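Each chain gets a letter, A, B and so on, in the order its sequence line appears, and its residues count up from 1. Everything quoted here is computed from the prediction, not taken from an experiment. Values below: every heavy atom of this structure, side chains too, minus hydrogens, waters and symmetry copies.
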Amino acid sequence: MATAFVHSSCNTVSGSNPQRRLLRDSPAASTSTTRRWSRVNLASVARTLFSLINAGRVREAASLFESTEKPDTFLWNLMIRGYANGELYEEAVHVYRRMQDAGVWADHFTFPFVIKSFANSSSYDDGLRVHAKIIKVGLDSDLFICNSLVTMYSKFGLLSAAERVFYEMPERDDVSWNSLVDGYVSNGEGWRSLVCIKQMQEAFGMRLDWFAITSALAACSLELCLEQGKEIHCHVIRNGLEPDIKLQTALLDMYCKNGDMVYAQRLFSSMSRRNIVTWNALIGGYALNDEPLQAFASAIKMQDNYMIPDTITVVNLLPACAELRSMDHGKAIHALAIKKGFLPHLILETALMDMYAKCGDLKPSELLFEKMTEKSLVSWNTMIAAYVQNGRNLEALQLFLHLQEGPLGPDVFTISSIIPACAELASLQQGTQIHSYVLRAGYGRDSVVLNSIVNMYARCGDLNISRQVFDRMMCRDLVSWNILIMGYAIHGHGKAALELFSAMKDTGLKPNQSTFTSVLTACSITGLSDEGWLHFDSMQQEYGMSPEIEHYGCMVDLLGRTGDLRAAIDFINKMPLVPTARIWGSLLTAGRNNRNIEVAEFAAEQILRLEHDNTGCYVLLSSMYADAGKREDVDRVMSLMRQKGLNRTAARSLVEFDGKTCSFVNGDRSHDQSNKIHQVSSVLSRKIEEAACDPGAIFDPIDAVMKKANSPNRHSLRLAVIFRLISSTVGSPVLVKKNVRICNHCHHAVKLISGFSGREIIVGDTKIYHHFSDGTCSCGDYW
DNA sequence: ATAGGGTTAG
């Protein structure tokens with residue numbers, strides 16, 4: 001052994017560089033006696049250092065190493081290995097640098113440790129440099145080095161580089177294959193890893209070992225291949241592979257991820273030993289598969305078995321709290337995590353943010369997010385999604401813009417949260433920018449993302465672009481069609497929507513429940529009565545579907561639209577489903593539009609029986625009374641609402657200007673141009689009164705009762721429309737988005753304004769889009 | 001002496 005050390009030391013020290021020899025061989029050390037003594041000394045140091053490193057005693061090894069004069073390659077390698085195996089990668093790299101500075105040559109033993117250190121400290125540039133060096137010194141065909149490089153590149157996410165090393169290496173062993181397979185799995189490429197495994201088995205006749213099996217199981221979890229996962233399970237049993245606790249847990253996890261909790265539970269019961277990881281996998285499985293109670297039960301059972309919950313247990317339980325919408329459970333777990341000292345922890349904090357948001361409380365989420373010392377893209381995505389889920393679209397958009405100021409770039413998750421926010425806000429400019437980002441970032445083939453973009457353009461009032469994106473999609477799925485049909489429906493293009501529906505059927509796609517929601521919505525909004533009934537029947541007769549509450553709602557809307565309120569009530573009474581507030585809401589609207597107060601009162605009664613806090617219902621009823629001149633009833637309804645401690649939803653109108661969303665409330669004076677807006681509003685109001693057909697102009701008790709700020713002249717919609725009219729190019733359409741439905745007064749006023757200004761004005765409310773032009777509206781005054 | 005992933009957030 002000692003000779004080998006001396007040999008490698010000679011290799012390193014002497015070489016053929018006279019200058020190096022000159023530098024290293026100082027006159028004092030060049031006598032033959034000193035050299036012999038130092039060889040003996042080096043050999044004994046090597047033996048001690050070797051056993052210290054193997055025992056994991058790196059610090060002691062380091063002090064011995066530092067006191068050693070002129071350590072040889074072997075000693076340097078030992079130190080680098082000691083640090084790398086102790087996960088002290090910075091130190092390992094530091095030692096490697098000192099080794100280079102000392103002029104000692106790195107060999108085929110050195111590089112695997114160095115590569116590992118760069119790989120695990122995400123030192124991308126250093127990793128590439130060391131690869132170049134390896135090629136330069138001619139070690140690029142070494143099996144161990146190449147295997148390490150494959151792992152390094154896949155840890156960097158550079159799969160094509162990993163593949164290149166793999167395919168160019170002169171010989172490959174099982175570690176080479178397993179490293180590549182793992183590279184695919186850990187980069188989310190489940191399919192490619194399964195293909196690779198098949199190849200190594202079939203084309204190269206290799207046996208799958210423990211590592212290959214665990215990778216294959218992870219791939220089956222990723223791609224939801226339950227059948228292949230089961231095959232691997234059989235393979236384990238058939239080939240008599242000793243299923244150790246890790247392998248069994250990997251199997252358990254595969255069943256959990258594939259949603260087969262029955263099998264997972266069976267496997268779990270059959271296990272002779274279980275550790276914390278096993279329990280965590282089971283708990284995570286129940287939480288993932290919407291069995292929150294089972295998740296909690298398992299956590300309790302786990303503790304009965306003397307297992308102490310760890311960070312991962314807590315992370316796995318949080319989605320169960322979210323699923324139950326139980327803040328109490330969530331808070332208790334949060335408290336436990338604090339008590340146990342699990343925080344701060346990036347993943348745990350992110351999971352907590354998500355839990356609070358899903359339980360409907362954004363405050364704790366925001367606090368957690370602000371205070372996080374380290375934020376990953378997932379943290380940002382979670383917070384953005386939290387805002388969107390809770391209807392706080394403006395904040396979501398602000399946070400999204402804030403994210404882009406930093407080093408992190410939005411990914412598909414970010415995009416699929418933020419696009420619906422743009423749709424809700426009708427932020428066409430923002431949405432368009434994000435669309436172009438999607439194309440640049442290469443997410444333009446993701447059908448989920450594209451579908452949300454088609455929807456976004458439709459909700460931003462641009463049906464043409466929406467259609468264009470749809471037409472250019474590589475593969476349109478059922479959702480794409482449903483979205484586009486709905487887009488045409490809400491803009492009042494019922495005929496076009498129905499044409500799309502038949503085009504969809506021509507492609508061989510089978511409609512689902514959502515398709516019929518889109519189709520029936522199209523019929524009801526456009527008043528296509530015969531077609532509506534035809535499709536309502538065909539959905540049952542031809543497709544064997546049972547209509548859901550939404551479909552019945554559309555039919556009530558349709559009946560209301562044709563003015564047959566008696567038939568609408570009969571239809572509701574004969575429905576096989578229990579009518580919900582949504583159904584009575586359609587009847588209420590029908591009553592309002594047909595000016596039938598009795599029907600409206602009846603519908604409102606039903607709604608308030610189900611939803612005592614439905615403010616929209618009070619408001620609509622009171623406005624009907626107002627229009628009918630029933631002052632006492634207005635007072636009665638409004639005071640009833642106040643008694644219940646309810647406030648009417650603050651009406652808001654949004655417009656986008658210069659890429660920013662501007663929000664207006666009734667009587668708003670907060671805007672830069674408020675003075676001008678109000679001046680124009682007064683002028684227009686006079687013109688509208690002169691036109692003398694405002695239904696509210698003759699007698700308007702609401703105006704009398706409410707403060708002046710609440711007069712229809714000051715409604716948020718009018719302010720928003722005027723702002724947009726005076727601040728945009730002549731001739732371009734005006735788009736306003738509202739959070740409540742348009743009132744009669746505004747509808748009438750905007751019709752006239754579109755005539756006065758010669759501009760197209762599009763107003764999206766919570767249900768439909770009104771296209772005003774030349775003094776008329778696309779909804780035909782029924783909404 | 002050298003290369004290796006059981007459970008964790010959207």
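The neighbour count for Lys331(A) NZ, taken as heavy atoms of other residues, nucleotides or ligands under 6.0 Å away, does not exceed 12. Residue His345(A) places its NE2 atom among more than 12 non-hydrogen atoms of other residues, nucleotides or ligands, all under 6.0 Å distant.
Among the protein residues, Phe113(A) comes within range of the sugar-phosphate backbone only, with heavy atoms under 4.0 Å from sugar or phosphate atoms but none that close to a base. No engagement by Trp380(A) is indicated, since no non-hydrogen atom pair under 4.0 Å with the nucleic acid exists. Using a 4.0 Å heavy-atom cutoff across all strands shown, Asp173(A) reaches at least one base atom of the nucleic acid. Here Asn178(A) lies in heavy-atom contact (under 4.0 Å) with a base. Among the atoms of the strands shown, none is found under 4.0 Å from any heavy atom of Ser176(A). At a threshold of 4.0 angstrom between heavy atoms, the contacts of Asn275(A) include nucleobase atoms, whether or not backbone atoms are also involved. Base engagement by Asp182(A) is indicated by at least one non-hydrogen atom pair under 4.0 Å involving a base atom. Here Ser179(A) lies out of heavy-atom contact (under 4.0 Å) with every strand. Within 4.0 Å of Ile245(A), counting heavy atoms only, lies at least one base atom of the nucleic acid.
For the pair Met79(A) CE and dT2(B) P, the interatomic distance rounds to 16 Å; values are reported in whole Å. The NZ-P distance, from Lys155(A) to dA3(B), rounds to 11 Å in whole Å. Computed from coordinates, the Asp310(A) CG to dG6(B) P distance equals 14 Å when rounded to whole Å. The nearest whole Å value for the distance from the NZ atom in Lys246(A) to the P atom in dG4(B) is 14 Å.
Between Glu370(A) and Lys375(A) there is no salt bridge, since no side-chain nitrogen of the basic residue lies less than 4.0 Å from a carboxylate oxygen of the acidic one.
Between Lys257(A) and dT8(B) there is a side-chain polar atom (N or O) within less than 4.0 angstrom of OP1 or OP2. Within the 4.0 Å cut-off from OP1 or OP2 of dG4(B), at least one side-chain nitrogen or oxygen of Thr151(A) is found.
Geometrically, Arg266(A) engages Tyr263(A) in a cation-pi contact, judged by NZ or CZ lying under 6.0 Å from the ring centre and within 45° of the ring axis.
Remark: the Thr249(A) side chain and the dG6(B) base include a donor-acceptor N/O pair separated by less than 3.5 Å. Judged by distance alone with a 3.5 Å cut-off, a donor-acceptor contact links the side chain of Asn77(A) to the base of dA1(B). With hydrogens and angles ignored, a donor-acceptor pair under 3.5 angstrom links the side chain of Asp411(A) to the base of dG10(B).
For the pair Phe109(A) and dA1(B), the ring geometry qualifies as stacking, because the centroid separation is below 5.5 Å while the planes lie within an angle under 30°. Centre separation under 5.5 Å together with a plane angle under 30° does not hold for the ring of Phe144(A) and the six-membered base ring of dA3(B), so they are not marked as stacked.
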> Does the ring pair (Phe, Tyr, Trp, His ring centres under 6.0 Å) test come out yes or no for His108(A) and Phe144(A), once each step is laid out?
Replying inline: CA-CA 8 Å; His108(A) 61 291; Phe144(A) 284 81; 8.5 Å; no
